[in-house]
Amino acid sequence: MSKTRKDAPADETAKNAQLLIKAGFIHKEMAGVYAYLPLGLKVVENIKQIVREEMNAIGGQELIMTGLQAQELWLSTDRWDDELVDIWFKTKLKNGADVGLAWSHEEPITNMMKNHVSSYRDLPSYVYQFQTKMRNETRAKSGIMRCREFVMKDLYSYSLTEKDHNKYYQKVMTCYHKIFERVGLDHITYPTFASGGAFTQFSHEFQTICDAGEDIIYVDEAKNIAINKEVFTDEVIAQLGLNKTDLVEKKAAEVGNIFSFGSTKSEQLGLYFDDKDGSQKPVILGSYGIGVTRLMGVIVEAFSDEKGIVWPENIAPYKVYLAALGEDAEVTEAANNLYDKLEAAGISVLYDDLEAHPGEKLNDADLIGLPYRVVVSKKTVSEGKVELKARNSEETTLVSADELLAKLKV
Ligand code: ATP
Ligand code: MG
């Protein structure tokens with residue numbers, strides 16, 4: 001087990017990063033740049049796995065694109081321009097050629113698709129990746145919620161027709177609800193009308209109510225929908241059939257964003273297909289992001305108390321925190337045996353085998369926030385039992401090893 005810390009760096013003001021640093025999940029390299037330690041990586045992987053399963057369920061095929069990007073592709077769509085895209089990190093090859101560090105992937109994926117799409121038979125195609133994005137953000141004060149280097153899931157849909165595209169777009173909306181439900185946030189996450197591109201009037205963001213969020217949204221609870229402040233006008237409210245009096249202002253964090261690009265990018269980059277009637281048509285593009293590491297930060301913001309993090313069970317890096325209190329040989333042996341038993345039963349355990357005072361171990365258990373805490377002490381051993389406590393409850397119970405297994409196995 002890695003060590004916890006008494007304090008987070010003095011310049012770290014965000015609750016999510018303070019807790020994650022103290023509990024040993026992440027390491028702050030510099031402002032907006034964090035490393036993921038063994039515990040943190042497990043959380044990232046758990047979130048990714050949920051997203052991956054839901055992406056696969058709607059026909060997504062996983063791939064991974066490059067972090068270095070050719071300038072020419074972005075020149076052909078105007079998005080190399082620093083005025084238009086103000087978060088580029090750019091660098092040069094030894095021969096002087098400009099390259100960009102990936103902040104998004106519409107251009108490279110669309111260009112690559114030219115090798116795979118030539119006929120209507122090759123479509124639709126849905127590809128996604130988990131990729132480290134680099135963005136030269138002006139401010140990075142929200143811990144892992146706004147980073148200069150972060151993990152994003154980005155899905156790209158290539159469709160034959162506008163109609164097919166719209167159908168798939170709706171499918172992704174439903175899929176996103178499932179994802180946010182599985183990570184425990186659906187009850188505070190709203191599909192939100194936000195500014196669109198040249199092609200559609202709106203894009204859809206998924207916004208999670210969160211005090212540490214950087215967005216302001218107006219929520220219609222009953223209709224389970226919201227409008228981002230950036231497009232919040234009387235005209236838009238009326239257009240969406242909403243009522244100003246039903247809308248409540250909230251702070252929120254954008255955890256996902258889905259976007260229609262129409263055929264513009266395909267036309268700029270030359271991605272066409274031969275249709276049934278022999279005519280050539282540009283492919284319709286949709287782009288669908290989820291901020292995987294931002295989502296982790298939002299989960300910490302949403303699920304924590306004054307003692308530490310309270311991980312939802314399917315996100316937690318382990319199910320059980322096991323601590324042996326005291327140096328007694330009998331206690332150590334009982335705890336070792338219990339650890340083996342739990343592992344053998346397929347229950348994941350973080351075994352606190354560090355030398356520390358009992359009080360510190362119990363504090364660490366609360367800080368790290370695994371769903372269950374199991375304590376073996378001289379007292380529990382003398383009764384042939386262990387002490388069980390759920391992180392989200394104050395109640396402790398004494399149970400036998402078999403009772404514990406039966407309870408945790410479900
Ligand atoms: P924002 O409005 O918060 O700057 P964006 O609109 O630029 O985000 P997209 O380009 O749509 O974001 O990226 C897809 C998703 O990636 C976002 O919905 C968000 O969850 C996440 N994301 C974007 N920027 C960052 C960042 N700097 N750090 C962490 N996650 C981010
Ligand atoms: Mg946005």
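Nothing here was measured: the structure is a model prediction, and the numbers come from that model. Order of listing sets the numbers, starting from 1, for every ligand and every atom in it.
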Asker: Check this for me - ligand 1, Thr293, N or O atoms closer than 3.5 angstrom, yes or no?
Answerer: no

Asker: Taking the basic N atoms (NZ, or NE/NH1/NH2) and the acidic carboxylate oxygens, is any pair closer than 4.0 Å for Arg391 and Asp305?
Answerer: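 Looking at Arg391 and Asp305, the cut-off is met.
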
Asker: Can you give me every donor-acceptor pair (side chain of residues 92-101, partner residue at least two apart or in another chain, under 3.5 Å) with its distance?
Answerer:
residue: Lys92; atom: NZ; partner: Asp98; partner atom: OD1; Å: 3.0
residue: Asn95; atom: OD1; partner: Ala97; partner atom: N; Å: 2.8

Asker: What atoms in ligand 1 come closer than 4.0 Å to a heavy atom of Gly256?
Answerer: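 Result: 18 (O).
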
Asker: Using a 4.0 Å heavy-atom cut-off, which part of Arg146 comes near ligand 1: side chain, backbone, both, or neither?
Answerer: both

Asker: Out of Lys153, Glu149, Arg135, whose heavy atom sits nearest atom 5 (P) of ligand 1?
Answerer: Arg135

Asker: If you count the atoms of ligand 1 from 1 in the order shown, which ones are under 4.0 Å from a heavy atom of Glu137?
Answerer: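 Reading through ligand 1 atom by atom, the close ones are 24 (N), 26 (C), 27 (N).
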
Asker: Identify, by atom number and element, the atoms of ligand 1 in contact range of Met152, meaning under 4.0 Å from any of its heavy atoms.
Answerer: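 In order of number, 13 (O), 14 (C), 16 (O).
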
Asker: Would you mind listing which atoms of ligand 1 come within a distance below 4.0 Å of any non-hydrogen atom of Asn257?
Answerer: 6 (O), 11 (O), 18 (O)

Asker: Answer yes or no: does an N/O atom from Gly291 fall short of 3.5 Å to an N/O atom of ligand 1?
Answerer: yes

Asker: What about the rings of Phe261 and Phe259, do their centers lie closer together than 6.0 Å?
Answerer: yes

Asker: Does the cation-pi check pass for Lys153 over Phe130, that is, NZ or CZ under 6.0 Å from the six-membered ring centre and within 45° of its axis?
Answerer: no

Asker: Do Gln69 and Glu107 touch side chain to side chain, with heavy atoms closer than 4.5 Å?
Answerer: no

Asker: Centres of the Phe206 and Tyr190 rings: under 6.0 Å?
Answerer: no

Asker: Between Gln201, His204, Gln239, which is the residue that forms a side-chain contact (heavy atoms from CB on, under 4.5 Å) with Phe193?
Answerer: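 Among Gln201, His204, Gln239, the one that satisfies the side-chain contact (heavy atoms from CB on, under 4.5 Å) with Phe193 is His204.
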
Asker: Check each heavy atom of Glu205 against ligand 1 and say whether those closer than 4.0 Å belong to the side chain, the backbone, both or neither.
Answerer: neither

Asker: Out of curiosity, is Arg148 lining ligand 1, as in a heavy atom under 4.0 Å away?
Answerer: no

Asker: Is the positively charged end of Lys90 above the ring of Trp80, judged by distance under 6.0 angstrom from the centroid and angle within 45° of the axis?
Answerer: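 Yes, a cation-pi geometry.
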
Asker: Tell me, please: is Ser104 in heavy-atom contact with ligand 1, that is, under 4.0 Å?
Answerer: no

Asker: For Val255 and ligand 1, does the shortest N/O to N/O distance drop below 3.5 Å?
Answerer: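 Yes; the residue has a nitrogen or oxygen that sits under 3.5 Å from a nitrogen or oxygen of the ligand.
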
